[in-house]
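Predicted model, so just to flag it, every value in this text is computed and none were measured.
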There are 2 protein chains.
Amino acid sequence: MTDPQPVLEKVRKGRKGAGLTLRDVAKLAGVAPITASRALNTPDAVSETVLKKVREAVERTGYVPNLLAGGLASKKSRLVAAVVPTIVGPIFLETVQSLTESLAAAGYQLMLGQSGYENSREDALLEAIIGRRPDGVVLTGIMRSPESRKRLLASGIPVVETWDLTPTPIDMLVGFSHENIGIAVARHLHAAGRRRVAVIAGVDERSRRRAKSFSDEAVRLGMAAGGVTEIPLCMVPAPTTLGSGRTGLSDLLGQDAAIDGVFCSSDVLAMGVMIEAQVRGISIPGQLAVMGFGDLSFSRDLHPQLTTVRIDGTGIGKVAAQFIIDRADGLQVADRVHDIGFTIIERESV
Amino acid sequence: MTDPQPVLEKVRKGRKGAGLTLRDVAKLAGVAPITASRALNTPDAVSETVLKKVREAVERTGYVPNLLAGGLASKKSRLVAAVVPTIVGPIFLETVQSLTESLAAAGYQLMLGQSGYENSREDALLEAIIGRRPDGVVLTGIMRSPESRKRLLASGIPVVETWDLTPTPIDMLVGFSHENIGIAVARHLHAAGRRRVAVIAGVDERSRRRAKSFSDEAVRLGMAAGGVTEIPLCMVPAPTTLGSGRTGLSDLLGQDAAIDGVFCSSDVLAMGVMIEAQVRGISIPGQLAVMGFGDLSFSRDLHPQLTTVRIDGTGIGKVAAQFIIDRADGLQVADRVHDIGFTIIERESV
DNA sequence: ATGAAAGCGCTAACAT
DNA sequence: ATGTTAGCGCTTTCAT
């Protein structure tokens, strides 16, 4: 009423995108704001004529809807938060990439949070996440602190935990069994005729579990030297590096010079082992079989090619995204737990 | 007025975080909403007593401010968008990590966007970004399409371009000269006595520029065989892999079996070259000097250790974050262009 | 199919 | 130091 011709003024000023609102577009199209809103969000609910006029107005002005305002009004932020321990370290990359893409395709954006390897930041991070009222949170690995878990649960935000299987998921879950991997790897090495195996693992709860079940199964299969109940183990810092792999092998060889197989908790570690073996003149797989975990892109290009455990990180991202999108659409997700499994990729290093 | 005791009801229902508003907290603390707001955002502007009461109320209810609403009202979203071609590929990881951290420390969140290697998605991505009204956008590499650049500029959002130096930045810039790197690498190889060099580069504009200036300088220094004006070049697809490095070396050797030095546009490529050389029984650095780019974490652990070009990705992230934070604080950023330089890391492969 | 009114949860601007 | 009022820009609900 007290606002004669602000649209044209603004448009003339050329301040496209900034300060331009739905009202301006609606006015330009000669309709009510709500009608313009419908034209953009539910084009089917609007007449051809109106649709065309609104689209024209949008085109002319370069209008971009304010999703903050939209989110506030509709209580759908179209934002999804992903939490990784750290983005450096190639393990979760595939998952993050596929999450970003799957979500973008459905009109959602990904907010990235790094929890770090200490608990301290978890709380602040959680606050930052909840404050944005995301439509979902994807956790890689498990939230450690029980308070954080409780808090997240209480917030009512859909949660997908990934890269693990836990008997007590917060909400939804897509992962695989680290225990089963340890067992499968031990059997694979055993089937390949190895009888004195060892393991190098990063200081990380899940690596440790893979190592533990590997060790247990190896002992059960009689792959421990001289009837002892534990196989040689070397723990290295997270994130894992080639250097750790190299020193890891040295360490293991110190514990038992006759080992003929080693399971590494990451492909990076395995590659370090291969380098160290080469430097020491140990032949692979002749004298030593090497297995990794992750099937990183380089593993197939090593010489010899690395036998490893493949996880479908892209698949995890897709399923997680779908879980959240379905939930946002009001669908009840039937199977809240999705075991994505794993595959042993047989190549040359065993 | 027509709202007797909703706070306690809500609190009693235990629906913490959800549906709980500043008004509820304020009522519980016995103050006006704006006062509660001040207690949380500008604690210095409020009395001790009030501060305590509000904090208590927040504690008791588990209240988390709605940043969507806050952003809408204050026109500060505390959100920063980062655009990378793809998150897979280790080059930008350090930068993204340090961005996330620096921003989180200042109360900002990072939104991750992947532009992909085709232009098609750039436009949709830009729309999604502008729609969130972020306080800043960090671009790794340069926005290709001119319309996108214009659009971003028009939106008025502070922009930091990174990983390059361009004479015509959109807004702010933190990077380094790819040309200077090519020149420096050529000189380094020349100083090491190499006289027949070649280059393997990913199909990527910046890799190509490093390769070009390397080639030019090499020719100038007389490092091309038989007085030709171009050195052997092998282009490989992006993102680069070990496999590309291996086939790349084969290809180069096919062009000129007597090359004694090769510059790779990434450490991954360099590593592939080293593997292929080892398989072929070519000694490094004896017969062939190898240089990479990126100084990835594994490069120091290779055998021989890789001589490479180090870029301070963490530094780039920090400076970019500071640029945006300063701008959001209303400070005028004096030097909008920051050359972060590069370092040649001399190790064993040359 | 279109519109009017009300409000999402917060903060800026102006009192007091 | 604290409160009142009036939006931020959109969507929901309820008319028409």
Can you name the atoms? Protein N/O to nucleotides 6-10 of chain D N/O, anything below 3.5 Å, with the distance.
from, atom 1, to, atom 2, distance (Å)
D:dC8, O3', B:Lys75, NZ, 3.2
D:dC8, O2, B:Ala73, N, 3.4
D:dG9, OP1, B:Lys75, NZ, 3.0
D:dG9, N2, A:Ala69, O, 3.4
D:dC10, OP1, A:Tyr63, OH, 2.3
D:dC10, OP1, A:Asn66, N, 3.2
D:dC10, OP2, A:Leu22, N, 2.4

Taking only nitrogen or oxygen atoms into account, show me every contact under 3.5 Å that the protein makes with nucleotides 13-16 of chain C, one pair per line with its distance.
none

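One can place CD of B:Glu48 at 11 Å from P of D:dT2, the figure rounded to the nearest angstrom. A:Asp44 places its CG atom 13 Å from the P atom of C:dT2, with the value rounded to the nearest Å.
The phosphate of C:dT2 has OP1 or OP2 within less than 4.0 Å of a side-chain N or O from A:Ser47.
For A:Arg149 and A:Glu161, the salt-bridge test passes: some basic side-chain N is under 4.0 Å from an acidic carboxylate O. Comment: A:Glu127 engages A:Arg151 in a salt bridge, judged by a side-chain N to carboxylate O separation of less than 4.0 angstrom. We find that B:Asp135 and B:Lys76 are not joined by a salt bridge, their nearest charged nitrogen and carboxylate oxygen being 4.0 Å or further apart.
Partners of B:Leu153 according to the side-chain contact (heavy atoms from CB on, under 4.5 Å) rule, which considers only residues two or more places apart in sequence or in another chain, are B:Ile170.
Distance CG/A:Leu152 to OG/A:Ser145: 10.0 Å, rounded to 0.5 Å. Summarising the geometry, atom CG belonging to B:Leu99 is positioned 12.0 Å from atom CG belonging to B:Leu93; distances are rounded to the nearest 0.5 Å.
Enclosure of atom CG in A:Asp329 by more than 12 non-hydrogen atoms of other residues, nucleotides or ligands within 6.0 angstrom is indicated.
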* To do: Could you walk me through whether B:Thr314 and B:Glu94 pass side-chain hydrogen bond (donor to acceptor under 3.5 Å, both in side chains), step by step?
  => CA-CA 5 Å; B:Thr314 301; B:Glu94 249 187 75; 3.0 Å; yes
